[in-house]
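The analysis underlying the following values was restricted to heavy atoms, covering all of them including side chains, and did not include hydrogens, waters or symmetry mates.
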Amino acid sequence: MIKKIIQKLLFKLDPECSHHLSFWGIRALTALPFVKNRLIDREKILEDPRLQREVFGLTFRHPVGLAAGFDKDAKLYQALGDLGFSFVEIGTVTPKGQPGNPKKRLFRLVDESAIINRMGFNNEGVDAARLRLLKRQHRLIIGGNIGKNKETPNEQAVDDYLTCFHTLFDVVDYFVVNVSSPNTPNLRALQEKAPLLALLQALQNANQKYQNPKPILLKIAPDLSNEQLQEIVEIVDESNIAGIIATNTTISREGIQSPLKAEAGGVSGAPLTERSLAVIRFLAKESQGRFPIIGVGGIMTAQDALDKLDAGASLVQLYSGFIYEGPQLIIDINRALLARLEN
């Protein structure tokens, strides 16, 4: 009931305004003693050792994390950990801060449990994120999602990714290379095999110079053809990166009835559920499980998460599902996993 009241109030506001208000609310609520006591009760479920996952050399206390895009500037990760996420992916960050695309750039399709965004990598820059992450105390795992600045030509994109990589190296646990956002001009061209392989190999070369290299993952679009997905499998094998995050937002408007579908940007939420699942299933089959997959896209229920794990994902991430369903979805997914083990 409380969730529905809060959601109704927030959904009356401009989506970007309600996003910032949610930041304040999450930080304030997790500081209240009676809320902390309830969170401790939730922890008893999330601490069950049967939920642990060992993935690309890291131990996740349970398989549910938060996707990039919610905590772009690493301002809220500790409170998000308190809400129950086992890992939080900050970013996408770029070398220099940038305002992103002009507002209005975030649209809520409530009847279809979807969101359209064309934010455009708005962030305060990688140095600002690093300073906040230096203060981390929470034991949750942190991923660093890195990108290039809008004005950087693709021919120089490698330098931007390397800058972010070196700046964040000692304050994150794994990296995600974002070349799949539809909201930065020409960014998706970097998903073509030659430039993508060159980018990943440059990052891997830099990675190997550190005493303890970090896992590097690639986040891909859901709009790739099977032929392109097969190339992604080959690229992972050739570059020896740690895994794939499938998927980013989609440019497809298939099945969407809202008049807001005419807005430019990427769609997340329920319309992405089946396509993301198909991509995970294809990658898992074609790779024969040679690398882990983090499943994201349209996880609105516990069953959606179970489907992605059954399709071959090792972990899952929430974004729109967290916005629409709140932190209870984290508990619901893990309860469903435990129920399976007990049957």
Euclidean distance, [Y] [atom2] relative to [X] [atom1], rounded to 0.5 Å:
{"X": "Ile241", "Y": "Ile244", "atom1": "CD1", "atom2": "CD1", "value": "5.0 Å"}
{"X": "Met119", "Y": "Asn183", "atom1": "CE", "atom2": "CG", "value": "9.0 Å"}
{"X": "Tyr319", "Y": "Glu89", "atom1": "OH", "atom2": "CD", "value": "12.5 Å"}
{"X": "Met300", "Y": "Ile323", "atom1": "CE", "atom2": "CD1", "value": "8.5 Å"}
{"X": "Leu217", "Y": "Phe291", "atom1": "CG", "atom2": "CZ", "value": "10.0 Å"}
{"X": "Asn248", "Y": "Leu224", "atom1": "CG", "atom2": "CG", "value": "10.5 Å"}

I'd like to know if the side chain of [X] and the backbone of [Y] have a donor-acceptor N/O pair within less than 3.5 Å.
{"X": "Arg108", "Y": "Leu106", "value": "no"}
{"X": "Thr163", "Y": "Pro95", "value": "no"}
{"X": "Asn207", "Y": "Leu203", "value": "no"}
{"X": "Asn123", "Y": "Gly125", "value": "yes"}
{"X": "Thr92", "Y": "Gly147", "value": "no"}
{"X": "Gln98", "Y": "Phe121", "value": "yes"}
{"X": "Glu286", "Y": "Val233", "value": "no"}
{"X": "Asp304", "Y": "Thr301", "value": "yes"}
{"X": "Glu325", "Y": "Phe322", "value": "no"}
{"X": "Asp71", "Y": "Tyr77", "value": "yes"}

Kindly work out whether a path of hydrophobic side-chain contacts (I/L/V/M/F/W/Y, heavy atoms less than 4.5 Å apart) joins [X] to [Y].
{"X": "Phe282", "Y": "Val279", "value": "yes"}
{"X": "Val64", "Y": "Leu66", "value": "yes"}
{"X": "Ile293", "Y": "Leu306", "value": "yes"}
{"X": "Leu197", "Y": "Val177", "value": "yes"}
{"X": "Ile299", "Y": "Val55", "value": "no"}

Got more than 12 heavy atoms from elsewhere within 6.0 Å of [atom1], [X]?
{"X": "Gln288", "atom1": "CD", "result": "no"}
{"X": "Asp111", "atom1": "CG", "result": "no"}
{"X": "Lys193", "atom1": "NZ", "result": "yes"}

Original post:
When you check the gap from the basic side-chain N to the acidic O, do Asp173 and Lys214 get nearer than 4.0 Å?
Top reply: no
Original post:
Under 4.0 Å between a Lys/Arg side-chain N and an Asp/Glu carboxylate O for Arg50 and Glu342?
Top reply: yes
Minimum heavy-atom separation for [X] and [Y], please, with both atom names.
{"X": "Gly265", "Y": "Pro182", "answer": "C-CG, 4.5 Å"}
{"X": "Ile115", "Y": "Tyr324", "answer": "CG1-CE1, 4.1 Å"}
{"X": "Ala336", "Y": "Ala302", "answer": "CB-CB, 4.1 Å"}
{"X": "Ser86", "Y": "His62", "answer": "OG-O, 2.6 Å"}
{"X": "Lys261", "Y": "Ile116", "answer": "CA-CD1, 4.1 Å"}
{"X": "Ala221", "Y": "Ser180", "answer": "N-CB, 3.4 Å"}

**OP:** Give the intermediate values and the outcome of side-chain contact (heavy atoms from CB on, under 4.5 Å) for residues Ile141 and Tyr174.
**Re:** CA-CA 8 Å; Ile141 290 170; Tyr174 70 89; 4.0 Å; yes
Subject >> Stepwise side-chain contact (heavy atoms from CB on, under 4.5 Å) test for Leu277 and Asp307 >> reply: CA-CA 7 Å; Leu277 183 62; Asp307 289 344; 4.2 Å; yes
Original post:
Which side chain to side chain donor-acceptor pair (under 3.5 Å) pairs, counting each pair once, include a residue from residues 266-275, with sequence neighbours left out?
Top reply: Ser268-Ser320
Original post:
How would you list all residue pairs meeting side chain to side chain donor-acceptor pair (under 3.5 Å) that involve residues 124-134, not counting sequence neighbours?
Top reply: Lys75-Glu124, Glu124-Arg132, Arg130-Asp170
Please check if any side-chain donor atom of [X] sits under 3.5 Å from a side-chain acceptor atom of [Y], or the reverse.
{"X": "Gln230", "Y": "Asn226", "result": "no"}
{"X": "Glu54", "Y": "Thr59", "result": "yes"}
{"X": "His166", "Y": "Tyr161", "result": "no"}

Heavy-atom side-chain contact between [X] and [Y] under 4.5 Å:
{"X": "Glu254", "Y": "Pro271", "answer": "no"}
{"X": "Lys148", "Y": "Asn186", "answer": "no"}
{"X": "Leu283", "Y": "Leu229", "answer": "yes"}
{"X": "Leu329", "Y": "Pro327", "answer": "no"}
{"X": "Glu112", "Y": "Gln257", "answer": "yes"}
{"X": "Leu168", "Y": "Phe175", "answer": "yes"}
{"X": "Val296", "Y": "Val316", "answer": "no"}
{"X": "Ile251", "Y": "Arg188", "answer": "yes"}

**OP:** Before giving the answer on side-chain contact (heavy atoms from CB on, under 4.5 Å), spell out for Asn101 and Lys150 the whole-Å C-alpha distance, their side-chain angles and the decisive distance to 0.1 Å.
**Re:** CA-CA 10 Å; Asn101 291 323; Lys150 182 178 181 179; 3.7 Å; yes
[X]: side-chain hydrogen bond (donor to acceptor under 3.5 Å, both in side chains) partners, not counting sequence neighbours:
{"X": "Thr250", "value": "Asp223"}
{"X": "Asp310", "value": "Arg340"}
{"X": "Thr152", "value": "Asp160"}

**OP:** Go through the steps to decide whether Val93 and Ile146 satisfy the test side-chain contact (heavy atoms from CB on, under 4.5 Å), and finish with yes or no.
**Re:** CA-CA 5 Å; Val93 295; Ile146 58 177; 4.1 Å; yes
Original post:
Mind checking what makes salt bridge (charged side-chain N to carboxylate O under 4.0 Å, His left out) contact with Arg118, not counting sequence neighbours?
Top reply: Glu263
Original post:
Given Asp332 and Gln328, is the side chain to side chain donor-acceptor pair (under 3.5 Å) satisfied, shown in steps?
Top reply: CA-CA 6 Å; Asp332 292 345; Gln328 183 61 38; 3.0 Å; yes
